[in-house]
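Only this structure's heavy atoms are used, side chains among them; waters, hydrogens and symmetry mates stay out. Residues: numbered from 1 along the sequence shown.
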Amino acid sequence: MAHADTMFYKVVLQRSSEGYSVSCPVLPGCWSQGETELEALQNIKSAIKEYLEVLDENLEGADVREVEVAI
């Protein structure tokens, strides 16, 4: 079984008339929603995972490198 790395992403949670919408600003187009804050946060976790899976598929065969950035 492969060990998954844990990453942390900032998300923006907004209350709406239908519950909550939530987006991940560093992943353009990655958003979700839920009737409750908890449901919205659970849903964005799934959306982020799916987003990253598609990103990995699209980058297959590309020369990808990691850089370290001190903030």
Atom pairs and distances, side-chain donor-acceptor, residues 20-33, under 3.5 Å, sequence neighbours left out:
from : atom 1 : to  : atom 2 : distance (Å)
Y20  : OH     : R15 : NH1    : 2.5

- [ ] Quick one: list whatever passes side-chain contact (heavy atoms from CB on, under 4.5 Å) with V69, sequence neighbours left out.
- [x] V67, I71
Open item on the list: Counting C-beta onward and ignoring hydrogens, is there a side-chain heavy-atom pair between L52 and Y9 closer than 4.5 Å?
Closed with: yes
Open item on the list: Let me confirm one number: the CD-OG1 distance from Q42 to T36, rounded to the nearest 0.5 Å.
Closed with: 7.0 Å
Open item on the list: Quick test of your reading: applying salt bridge (charged side-chain N to carboxylate O under 4.0 Å, His left out), list the pairs with at least one residue in residues 29-40, sequence neighbours left out, ordered by first then second residue.
Closed with: none
TODO: Indicate if V54 and V64 have the same hydrophobic cluster label, given that clusters are the connected sets of ILVMFWY residues with side-chain heavy-atom separations under 4.5 angstrom.
DONE: no
Open item on the list: To the nearest 0.5 Å, what is the distance between CD1 on I48 and CG on L55?
Closed with: 12.5 Å
- [ ] Can you measure from CD1 (I44) to CG (L41) and round to the nearest 0.5 angstrom?
- [x] 8.5 Å
Open item on the list: Could you see if M7 belongs to whatever hydrophobic cluster contains V12? Use Ile, Leu, Val, Met, Phe, Trp, Tyr and a side-chain cutoff under 4.5 Å.
Closed with: no
Task: Set of salt bridge (charged side-chain N to carboxylate O under 4.0 Å, His left out) partners for D63, sequence neighbours left out - done: R65
